[in-house]
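Contents: one structure, followed by commentary.
Throughout, numbering of the chain's residues begins at 1 and tracks the sequence. Indexing begins at 1, ligand by ligand and atom by atom, following the structure's order.
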Amino acid sequence: MEGLFLKVLLLGASLTGLLFSLVDFHFFWKTGLQRPNFIIILTDDMGWGDLGANWAETKDTPQLDRMAAEGMRFVDFHAPASTCSPSRASLLTGRLGLRNGVTHNFAITSVGGLPLNETTLAQVLQEAGYITGMIGKWHLGHHGLYQPNFRGFSYYFGIPYSHDMGCSDTPGYNHPPCPACPPAVTVSESSPGKNCYLDVGLPLYENLLIVEQPANLMNLAEKFAEKAIEFIQQASDSGRPFFLYLALTHMHVPLTVTHQSADLPGQRVYKDSLWEMDNLVGRIKDKVDSISKENTFLWFTGDNGPWSQKCELAGHVGPFTGLWQMNRGGSSAKQTTWEGGHRVPAIAYWPGRVPANVTSTALLSVLDIFPTIASLAQVSLPPQRHFDGLDISEVLFGHSQTGHRVLFHPNSGAAGSFGALETIRLEQYKAFYITGGAEACDGSLGPEQHHELPLIFNLQEDPAECAPLDSSSTVYQNILNEVMGALVDVLEDITSDNISVADYSHDSSVIPCCNALKMACRCQLL
Ligand SMILES: *[C@@H]1O[C@H](CO)[C@@H](O)[C@H](O)[C@H]1NC(C)=O
Ligand SMILES: *[C@@H]1O[C@H](CO)[C@@H](O)[C@H](O)[C@H]1NC(C)=O
Ligand SMILES: *[C@@H]1O[C@H](CO)[C@@H](O)[C@H](O)[C@H]1NC(C)=O
């Protein structure tokens, strides 16, 4: 039954591919335009302070720092959520989780994914004649039609979810450490930490096929780099414009620095991994420079802030320490709406189009990627829905410094209900109706607190979010009125929008497994 289903899927994929090629061919002949290529590189759990250009204490990102000097660096750029699946769903749809339905992470047993009637950026570009590729971590559903190949990507090479969701024979550095897949070590012998999934190996896919399970984490990043470079070369040879979405597994645990030694101190592991990621991005940039520098727009950013629970294996938030929360316990990074959770590094590189060595302080978001790329590719946005992102091409080209006046930071796990908009950014101010910390390195959890009168911080004067404004001050009252107005507006807008609902149900039969007869589902096709 499963086999038949897969065959039907494969047939469906090839027919869809054929249909798209015919559409593309027609479009290409009709227009004959040279449209720009787009590459989005998304890192995982990278801190704002992990980028040397942002934070002078970091010395491990020379390639990215050079890219910043040759392009535009955004210092007030935000992930659309503080956790993985919602952030990625918003990147690919330009819509917040309350609209696209993805408000928390998908699990290995999740039946659903990004709702099928949400239209992805890749679909829009594919229909416009682009060759589209996704390499790396997907995490928007892996069962049936939720795979990247059915969401607008003609090529996919990667893992369906985070690389700590499934065992590997090369477990890498995690906190607590995870053992290798069985039968090398059995569950009872190793007494693994709660974050180790041992029953099923992490699968590595090429299109709809699992090509390696468990995936070898030691050469995964190298494979991603090689496949990305090959994709760029082949797409460029084809003469058609391309879109590559490269979602790196760096800096998420387990970290897998290749020149590891047993006694490497934890801090070195993180720094070496950062260096490795930087080098990988540098190789992609070199490839772009060698094939079509002036016609390729490379956008580097992150999915959310560092995972502080992982202690010395987590990144740095820079000055955005979320002190108000830290003083009450818990972490103020990933999964929280403190700055450390969602303010991410971002660099735009497009020689000749995006001015070099410019720092933009505009308030921007990963939500803006869809509308901006659609505008640059001269394609229209999918109809019958509203978007939260803006077309920021005027900012990119150096003609404007105007981004969002208001930005919503959805609850992402640490406090409140998933996806709810209880933290609102307004100009340099930020209001919290709910606060709470994620699990910290010391195991503490900041308690969830509701604030009938929101805490309002002035980020310009207080980037560490240490001391809220005095609620009896005039400035507080003025900001509060505007915040309440913005909140009412967005909630009304969402109510009148077409909103999708994700299927978060579980079924163990959807666990990806290429050989159910073997422990950890072992097989190797690569
Ligand atoms: C970039 O700008 C800074 C100051 O804004 C300057 O010190 C630096 O030399 C510039 N770098 C390049 C490569 O132009
Ligand atoms: C929602 O979709 C319907 C068609 O199914 C359309 O008529 C309506 O205008 C859409 N609403 C919005 C807000 O775009
Ligand atoms: C997706 O489908 C659901 C259920 O039919 C509908 O309510 C929703 O408006 C659709 N979403 C979009 C973006 O059209």
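- The shortest distance between side-chain heavy atoms of Asp50 and Tyr270 falls below 4.5 Å.
- Aromatic ring centroids of Trp338 and Phe432 lie under 6.0 Å apart.
- Annotation for ligand 2: atoms under 4.0 Å from non-hydrogen atoms of His386 are 13 (C).
- Under a 4.0 Å criterion applied to the non-hydrogen atoms of Ser500, ligand 3 contributes the atoms 1 (C), 10 (C), 11 (N), 12 (C), 13 (C).
- At a heavy-atom cutoff of 4.0 Å, ligand 1 is surrounded by Asn357.
- Judged by a 6.0 Å distance limit and a 45° cone about the ring axis, Arg151 is not positioned over the six-membered ring of Tyr146.
- A donor-acceptor contact under 3.5 angstrom links the side chains of Thr296 and Asn37, judged on distance only.
- Residue contacts with ligand 3, taken as heavy atom pairs separated by less than 4.0 Å, involve Glu118 solely via side-chain atoms from C-beta onward.
- For Gln384, no nitrogen or oxygen atom sits less than 3.5 Å from a nitrogen or oxygen atom of ligand 3, counting backbone and side chain alike.
- Residues Thr372 and Asp368 have side chains that never bring a donor and an acceptor to within less than 3.5 angstrom of each other.
- The side chain to side chain donor-acceptor pair (under 3.5 Å) check on Glu465 picks up Lys430, with sequence neighbours excluded.
- Residue Ser496 approaches ligand 2 through these ligand atoms, each under 4.0 Å from one of its heavy atoms: 13 (C).
- Note: Tyr504 and Phe106 have parallel aromatic rings, judged against thresholds of 30 and 60 degrees for the angle between ring planes.
- In this structure, Leu274 and His316 have side chains that are not in contact, with every pair of non-hydrogen atoms separated by 4.5 Å or more.
- Distance check: Ile347 CD1 to Met72 CE gives 12.0 Å after rounding to the nearest 0.5 Å.
- With a heavy-atom cut-off of 4.0 Å, Ile499 touches ligand 3 through its backbone alone.
- Not close to ligand 3: Pro115, with no non-hydrogen atom less than 4.0 angstrom away.
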